[in-house]
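Heads up, the thing below is written out as structure tokens.
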Amino acid sequence: MIPANSSTASLLRPDESTDWLHMDPWRVLRIQSEFVDGFGALAELGPAVSVFGSARMPADSPDYEAARRMGGLIASRGIAVITGGGPGVMEAANRGAAEAGGKSVGLGIELPHEQGINDYVNLGMSFRYFFVRKLMFVKYSSGIIVCPGGFGTLDEMFEVLTLVQTHKVASMPVALYGAEYWRGLFDWLNGPVRGHGMISGVDPRLVTITDDVDEAVSVATGAIGR
Ligand SMILES: C/C(=C\CNc1ncnc2c1ncn2[C@@H]1O[C@H](COP(=O)(O)O)[C@@H](O)[C@H]1O)CO
């Protein structure tokens, strides 16, 4: 006999409310399916670099143009460009990669009122969960470029730096583009944060801060083909 309140019983009553589908045990299966879809889509991607940066960067800004150049340079080395698939810096990097005839990957996120994946992505998928998507960036990238950005960008950067510093990721070159933009944060980390003993100082080998697009690309692609 099937207990009246079991999942099987619920499945056999499709005409009733499906609220139960949003309960945690079922959510686990949805999360699992996002991992399976992501691993399946990216398994044969080959070498790749992720570019993070603001979703709000206007298309006429120097940083947009820099990210577009980065995308082109990375693609011209036969390396895929991975972004969050959205507007701003993500669009710029995807645009550069697509214009260079390369692989332009967009790992989008389902957000209310968002227009979806940008037009320059030629391999795209959308995620419901930020944490699943964040794992995809790290798992399939051999280097990272971080352009100026806000909470989303900072979250992605610190995720990578935490994984590198705790040796969960063996080696991941990280280039921070925009010295003036990043200086304040790193002065704070090396000042008060270090002064309070919360870190032992930012290992200079962990990140390269630069204003040079070519250097950012060289750093981020430096571990590929070694
Ligand atoms: C707020 C706006 C668009 C939001 N759309 C996004 N689409 C895809 N990925 C996004 C989006 N917003 C944030 N991200 C991720 O975080 C990083 C950018 O965040 P920030 O807060 O803008 O720095 C980026 O790398 C994405 O992975 C405007 O229309």
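One-based numbering, in listed order, for ligands and for the atoms of each.
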Using a distance-only test with no angle check, is there a side-chain donor-acceptor pair under 3.5 angstrom linking Tyr120 and Glu99? no
Any chance the side chains of Asn122 and Ser104 put a donor and an acceptor closer than 3.5 Å? no
Output the list of atoms in ligand 1 that are nearer than 4.0 Å to some heavy atom of [X], sorted by atom number.
{"X": "Leu111", "answer": "4 (C), 5 (N), 6 (C)"}
{"X": "Gly149", "answer": "23 (O)"}
{"X": "Gly84", "answer": "8 (C), 9 (N), 27 (O)"}
{"X": "Gly53", "answer": "17 (C), 18 (C), 24 (C), 25 (O)"}
{"X": "Gly86", "answer": "7 (N), 8 (C)"}
{"X": "Ser54", "answer": "22 (O), 23 (O)"}

For [X] and ligand 1, does the shortest N/O to N/O distance drop below 3.5 Å?
{"X": "Gly150", "answer": "yes"}
{"X": "Arg56", "answer": "no"}
{"X": "Ala55", "answer": "yes"}
{"X": "Gly85", "answer": "no"}

Rounding to 0.5 Å, atoms CD (Glu91) and CD1 (Ile117) come to a distance of 12.0 Å
Reported CG-to-OH distance for the pair Leu135 and Tyr140, which is rounded to 0.5 angstrom: 8.5 Å
Indicate if Ile145 and Met90 have the same hydrophobic cluster label, given that clusters are the connected sets of ILVMFWY residues with side-chain heavy-atom separations under 4.5 angstrom. no
Determine, using the 4.5 Å side-chain heavy-atom cutoff (strictly less than), whether Val121 and Val49 are members of one ILVMFWY cluster. no
I need the nearest protein heavy-atom contact for [atom]: residue, atom name and distance, please.
{"atom": "atom 10 (C) of ligand 1", "answer": "Met90 CE, 3.6 Å"}
{"atom": "atom 29 (O) of ligand 1", "answer": "Glu114 OE2, 3.7 Å"}
{"atom": "atom 19 (O) of ligand 1", "answer": "Gly152 CA, 3.3 Å"}
{"atom": "atom 9 (N) of ligand 1", "answer": "Arg133 NH2, 2.9 Å"}

Out of Glu110, Glu156, Glu91, Lys134, the nearest non-hydrogen contact to atom 26 (C) of ligand 1 is supplied by Glu156
Determine the interplanar angle of the Phe186 and Trp182 rings, folded into 0 to 90°, and report it as parallel if under 30°, tilted if 30 to 60°, perpendicular if over 60°. perpendicular
Please determine if Arg183 and Glu180 form a salt bridge, counting it only when a charged side-chain N lies under 4.0 Å from a carboxylate O. no
Carboxylate-amine/guanidinium contact Arg133 Glu156, below 4.0 Å: yes
For ligand 1, is there an atom lying under 4.0 Å from some heavy atom of Met57? no
Cation over ring face, Lys139 and Phe35, 6.0 Å, 45°: no
